[in-house]
Amino acid sequence: MDVPPHCRAEFPPRILNKAEEQQKTQDNTEYFLSSGDKIRFFFEKGVFDEKALHAHDPVFKGATHSSKVQAVARSLGFHMPVVVQSMYIFKQPRIGGKVPAHQDATFLYTEPLGRLLGLWIALEDTTVENGCLWFIPGSHTSGVSRRMVRTPAGSMTGISIRGSDPAWDNSLYVPTEVGRGSLVLIHGEVVHKSEQNLSDHSRHVYTFHLMEASGTVWSPENWLQPTAELPFPPLYT
């Protein structure tokens with residue numbers, strides 16, 4: 001399905017100024033008014049809303065706060081872990097795109113570093129062919145050289161990139177093939193990526209991030225910020 005650009009959700013979210021909002025409204029109206037002799041797609045309200053699966057969906061909330069996850073966090077020494085975000089990642093057969101090399105702390109920065117952990121749950125077998133994770137062993141000890149930060153309110157982009165990543169040697173990556181139901185723990189500063197899905201099998205994943213809240217400052221420049229309606233929920237309940 002060819003979803004019109006004005007209906008596509010973007011990640012990370014982009015803050016619109018008034019002129020952009022007006023243009024978006026105009027685009028929606030024109031799209032509707034010119035639909036009489038064409039195939040057009042319309043969506044229920046809220047389809048493209050940003051949702052926190054770990055907070056709003058009972059299935060994902062239950063998995064995120066399960067006794068197994070809590071036991072993992074306790075075994076790693078987390079005292080006051082909070083859930084900062086969650087994502088369901090589709091990597092469809094033949095069209096599932098690659099995720100470039102990155103560090104999660106580039107987007108979810110804490111002071112001090114080392115307080116962020118990704119929990120990546122394979123909902124299907126993940127192989128080299130369908131886009132498994134690749135890691136550079138030991139890269140979590142080199143700090144973070146690039147940050148994605150919020151720009152002042154009213155700016156055109158909403159976010160900007162500060163710094164740049166080094167040219168990581170492609171020969172350093174190690175593939176991590178895991179079976180359905182496996183849990184992969186991802187240090188916030190480890191360099192990792194995934195390649196395009198070139199197989200006939202999908203690779204679906206549920207992933208979320210924990211932060212040790214005790215003695216940690218969540219950067220006010222991060223694109224993601226807790227709100228009064230949705231503060232970062234504690235993992236231990």
Side-chain angles (χ1 to χ4, degrees), residues 11-12 52-55 57 59-78 81-93 96-110 113-144 146 148 165 168-199 201-212 216 224 232-233 235-236:
F11 183 84
L53 291 173
H54 62 273
D57 185 279
V59 173
F60 290 100
K61 183 176 182 179
T64 304
H65 294 271
S66 69
S67 59
K68 289 183 178 181
V69 170
Q70 292 183 12
V72 168
R74 287 193 173 95
S75 72
L76 294 173
F78 278 84
V82 295
V83 186
V84 299
Q85 75 161 6
S86 57
M87 295 179 289
Y88 189 100
I89 303 176
F90 297 85
K91 196 181 281 281
Q92 301 296 75
K98 66 185 298 182
V99 176
H102 66 282
Q103 298 167 290
D104 290 345
T106 288
F107 312 98
L108 309 173
Y109 190 81
T110 64
L113 287 171
R115 302 301 180 92
L116 183 74
L117 178 70
L119 289 88
W120 193 94
I121 302 173
L123 303 181
E124 299 175 298
D125 293 343
T126 71
T127 65
V128 169
E129 289 74 24
N130 74 353
C132 70
L133 292 172
W134 294 68
F135 293 93
I136 298 181
S139 57
H140 64 289
T141 62
S142 301
V144 176
R146 186 168 68 103
M148 188 175 81
D165 288 326
W168 289 304
D169 188 341
N170 203 50
S171 66
L172 298 177
Y173 289 94
V174 175
T176 307
E177 296 182 308
V178 297
R180 174 184 177 184
S182 298
L183 169 67
V184 180
L185 302 179
I186 305 176
H187 191 284
E189 287 100 79
V190 71
V191 178
H192 59 290
K193 65 176 182 176
S194 67
E195 298 296 335
Q196 184 180 359
N197 184 355
L198 299 176
S199 76
H201 304 283
S202 60
R203 191 227 67 179
H204 289 195
V205 167
Y206 175 57
T207 181
F208 57 96
H209 284 88
L210 299 180
M211 179 190 72
E212 172 56 69
T216 306
L224 175 65
F232 294 155
L235 177 68
Y236 303 147

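One-based numbering along the sequence shown. Heavy-atom basis, side chains included; hydrogens, waters and symmetry copies ignored.
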Colleague: Taking the side chain as every heavy atom from C-beta outward, state whether V174 and P137 have any atom pair closer than 4.5 Å.
Modeller: yes
Colleague: Applying ring-ring contact (aromatic ring centres under 6.0 Å, His included), name anything that partners Y236, two or more places apart in sequence or on another chain.
Modeller: none
Colleague: Could I get the full list of salt bridge (charged side-chain N to carboxylate O under 4.0 Å, His left out) partners for K193, not counting sequence neighbours?
Modeller: E195
Colleague: Below 4.5 Å, heavy atoms only, C-beta onward: do L210 and V84 meet side chain to side chain?
Modeller: no
Colleague: Calculate, to the nearest 0.5 Å, the distance between atoms NE2 and CD1 belonging to H140 and I186 respectively.
Modeller: 13.5 Å
Colleague: Of the non-hydrogen atoms in C132 and E177, which two are nearest, and what is the gap between them?
Modeller: SG-CG, 4.0 Å
Colleague: Give a yes or no on whether the backbone of G181 and the side-chain of E124 come within a donor-acceptor separation of less than 3.5 Å.
Modeller: no
Colleague: Is it the case that the side chain of T216 and the backbone of E212 share a donor-acceptor pair, with hydrogens and angles ignored and the cut-off at 3.5 Å?
Modeller: yes
Colleague: Ignoring hydrogens and angles, tell me if any N or O in the side chain of D125 forms a donor-acceptor pair with the backbone of R180 under 3.5 Å.
Modeller: yes
Colleague: Is there side-chain contact between W134 and V128, with at least one heavy-atom pair below 4.5 Å?
Modeller: yes
Colleague: To the nearest 0.5 Å, tell me how far H102 NE2 sits from M148 CE.
Modeller: 11.0 Å
Colleague: Without swapping roles, check the side chain of T207 against the backbone of L119 for a donor-acceptor pair under 3.5 Å.
Modeller: yes
Colleague: Could you tell me which non-hydrogen atom of G138 sits nearest to which non-hydrogen atom of T141, and how far apart they are?
Modeller: O-OG1, 2.8 Å
Colleague: Decide yes or no for L235 and H65: does some side-chain heavy atom of the first lie under 4.5 Å from some side-chain heavy atom of the second?
Modeller: yes
Colleague: Starting at OG1 of T126, measure out to NE2 of H201 and round the result to the nearest 0.5 Å.
Modeller: 13.0 Å
Colleague: Atom CG of N170 and atom CD1 of I136: how far apart are they, to the nearest 0.5 Å?
Modeller: 8.0 Å
Colleague: Please walk me through it: do R115 and T110 pass side-chain hydrogen bond (donor to acceptor under 3.5 Å, both in side chains)?
Modeller: CA-CA 7 Å; R115 302 301 180 92; T110 64; over 6 Å; no
Colleague: To the nearest 0.5 angstrom, please state how far the CH2 atom of W120 sits from the NE2 atom of H209.
Modeller: 12.0 Å
Colleague: May I ask you to decide if the ring planes of Y88 and H204 are parallel, tilted or perpendicular, using 30° and 60° as cut-offs?
Modeller: perpendicular
Colleague: Determine, stepwise, if the pair S142 / E189 fulfils side-chain hydrogen bond (donor to acceptor under 3.5 Å, both in side chains).
Modeller: CA-CA 8 Å; S142 301; E189 287 100 79; over 6 Å; no
Colleague: Y206 and side-chain contact (heavy atoms from CB on, under 4.5 Å): which single residue from T64, V59, I89 fits?
Modeller: T64
Colleague: Go through the structure and list residues passing side-chain hydrogen bond (donor to acceptor under 3.5 Å, both in side chains) with S194, not counting sequence neighbours.
Modeller: K91
Colleague: State the OH-CG distance between Y173 and L133, to the nearest 0.5 angstrom.
Modeller: 12.0 Å
Colleague: Would a distance-only check, ignoring hydrogens and angles, find a side-chain to backbone donor-acceptor pair under 3.5 Å from Q196 to G131?
Modeller: no
Colleague: Charged N to carboxylate O below 4.0 Å: is that the case for D165 and R146?
Modeller: yes
Colleague: Walk me through it: do L224 and Q85 pass the test side-chain contact (heavy atoms from CB on, under 4.5 Å)?
Modeller: CA-CA 8 Å; L224 175 65; Q85 75 161 6; 3.7 Å; yes
Colleague: Kindly indicate whether the side chain of V72, heavy atoms from C-beta on, has any atom under 4.5 Å from the side chain of L183.
Modeller: yes
Colleague: Verify side-chain contact (heavy atoms from CB on, under 4.5 Å) between F208 and V69, making sure each step is shown before the conclusion.
Modeller: CA-CA 11 Å; F208 57 96; V69 170; 3.9 Å; yes
Colleague: Determine yes or no for a side-chain-to-main-chain donor-acceptor pair under 3.5 angstrom, with D104 supplying the side chain and Y109 the backbone.
Modeller: no
Colleague: For V190, does its backbone N or O pair with a side-chain atom of H192 as donor and acceptor, under 3.5 Å?
Modeller: yes
Colleague: Taking all atoms of both residues into account, what is the closest heavy-atom pair of S182 and G179, and its distance?
Modeller: OG-O, 2.8 Å
Colleague: Under a 4.5 Å cut-off applied to non-hydrogen side-chain atoms, are M87 and V205 in contact?
Modeller: no
Colleague: Looking at every non-hydrogen atom in both residues, tell me the closest pair between N130 and S202 and how far apart they are.
Modeller: ND2-O, 3.4 Å
Colleague: Quick one: do S86 and H54 satisfy side-chain hydrogen bond (donor to acceptor under 3.5 Å, both in side chains)? Show the steps, please.
Modeller: CA-CA 6 Å; S86 57; H54 62 273; 2.7 Å; yes
